[in-house]
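Heavy atoms only: backbone and side chains are in, while hydrogens, waters and symmetry mates are out. Read the numbers this way: they start at 1 and go in the same order the structure lists the ligands and their atoms.
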Amino acid sequence: MESRQSYFEKKQERFQELCQRMLAERRLIVASNRGPVDYTVAPDGSLSAQRAAGGLVVALSPVSRFIPLTWVAAAMSEGDRRLAEESGGPTRVPLPEQEIYLRFVVVPRSVYQRFYSVFCNPLLWFIQHYMWNTPRTPSIARPVYEAWEQGYVRVNEAFAQAVVEEASGNKRTPFIFLHDYHLYLAAAGIREALPDAPILHFTHIPWPGPRYWSILPEFMRREIHEKICSADIVSFQTMRDVRDFLVCCEEFLKGVTVDHRACTVARDEWITRVTYYPISIDAAGLCQFAVSPEVQHYEESLSQLRREITIVRVDRAEPSKNILRGFRAYDNLLDRYPGLHRRVVFLAFLVPSRSEVSIYRAYARDLLELAETINGKYGDDEWQPIHVFYEENYAQAVAAMRFYDVLLVNPLIDGMNLVAKEGPLVNTRDGVLILSEMAGAHEQLGEYALSVCPTDLEGTVRALASAITMPVEEKRRRATALRRAVQEEDITFWMQRQFRDLMAVSRRRH
Ligand code: G6P
């Protein structure tokens, strides 16, 4: 059988060839709120760059290894602002083997604050993850109107302008690849200046149905749906999102024709194609990293905590990840099966996130408290049933994913959830994946996982018990199938499909 390495090498070669064909047609400009690196100002006043947290930089790294790309991103930190001021134009980012030219979008701090901390997170994020407690929140009061007018609209205009500037001076207008909920209005501004640009917008998070979108005032939701349709391709993680988007367009936009079979939205001569590309991971890169000395070091240090059965979870400390219910399910399991005491341990790797939003701070506090309660209830000097690692340490999390017996991924709703793909790829124990039906990854992997409805606490307890008692053969069958699915549909697959579709748009525009 072909080795994993040569399988990946062949795949990379095919991908490299596609990237080069693409570049021969047009250059590529990527735009997203967070860029590939964050700059910080050290106490001595010097600037230093760190690779940004988040999946997009990982997702695009196989591309930027093969072709140069320009990345337009917001200057989020003081360091970013300073770099933008000092450089006066795009700078090559200091990431090894990658050719990325970063162009920062700089807007006044108050504008950015309204955009990021009032409109995008929480308002849009909470709508798109069904997280509002609608009898009480949100209230779309004047600050939200201001955040729209003086934040969201202005930042999107500034992004459109920066992309247009970066695109100018090329013989052919570049391919433009826009990302996520921060930039729903940008395609329209770009289209006005560059009518022939092939534009693709990819939304990483779920798209709710029209009733839930109606939390937003009519003019805001209409403008979002209208302007995103200026892209040639509007894309999502799953078919479910595509269906909901089409229904939303039908309800919110006048004068458009929505074709649910062809998945298009047409207005006059303009046709927007709506599709899905499930995002994935850099499988080749992760397999290499998983056997690196850094990961091995953590595998050794964590080995002291392991028990006969190790349950693992890895998440941002984010309310939509449903971490509290996951802990409660474990509490119920220990209560019901005393025979498991001392034989099982739960390791939770939680990355601090968005601490500027009070709901996130409260959530992080509650889950640390609940873990303590569980330890107080069942633990003793020799055994702590649950260990929470509340820190950003990717190598440590990968180390734990190598040896889990059960991986619990139970988000309330999630665009994709890459942990559900990383875990099975690096795991060496034929561990069982428990996966929420509401994670985008469920469309691809649900068949080989134990599915749970995320609010179903009892169902989650039973899934944990079944995972623990699953026969070895059955575990192996599922783990092998999961690994194969992730390897086949890795990040190059995600990019390939988008590149091909963008090239088809480009050719029609010849
Ligand atoms: C998650 C989501 C992305 C989103 C990002 C924003 O990773 O999956 O879709 O862009 O959060 O996080 P940030 O820290 O950049 O605000």
Is the backbone of Ala186 close enough, under 3.5 Å, to the side chain of Asn156 for a donor and an acceptor to pair up by distance?
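Yes, the answer is positive, given that a donor and an acceptor are paired below the 3.5 Å cut-off.
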Let me know which of Pro208, Pro122, Pro319, Ser320 forms a side chain to side chain contact (heavy atoms under 4.5 Å, CB included) with His129.
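When Pro208, Pro122, Pro319, Ser320 are each tested with His129, the side chain to side chain contact (heavy atoms under 4.5 Å, CB included) holds only for Ser320.
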Is a donor from one side chain sitting under 3.5 angstrom from an acceptor on the other, for Asn33 and Tyr181?
no
Verdict with supporting geometry, Glu78 and Arg109, side-chain contact (heavy atoms from CB on, under 4.5 Å):
CA-CA 10 Å; Glu78 287 311 307; Arg109 287 178 186 80; 2.7 Å; yes
Please work out whether the ring planes of Phe245 and Phe236 are parallel, tilted or perpendicular, with thresholds of 30° and 60°.
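Tilted, since the angle between the ring planes falls between 30° and 60°.
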Protein residues that have a heavy atom under 4.0 Å from any atom of ligand 1, sorted by chain and number
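Within the 4.0 Å shell of ligand 1, which is judged on heavy atoms, sit Arg34, Tyr116, Asn121, Trp125, Asp180, Tyr181, His182, His204, Ile205, Arg316, Arg354.
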Please determine whether ring-ring contact (aromatic ring centres under 6.0 Å, His included) holds for the pair Trp494 and Phe202, giving the CA-CA distance in whole Å, both sets of side-chain angles, and the decisive distance to 0.1 Å.
CA-CA 11 Å; Trp494 181 70; Phe202 181 78; 5.2 Å; yes
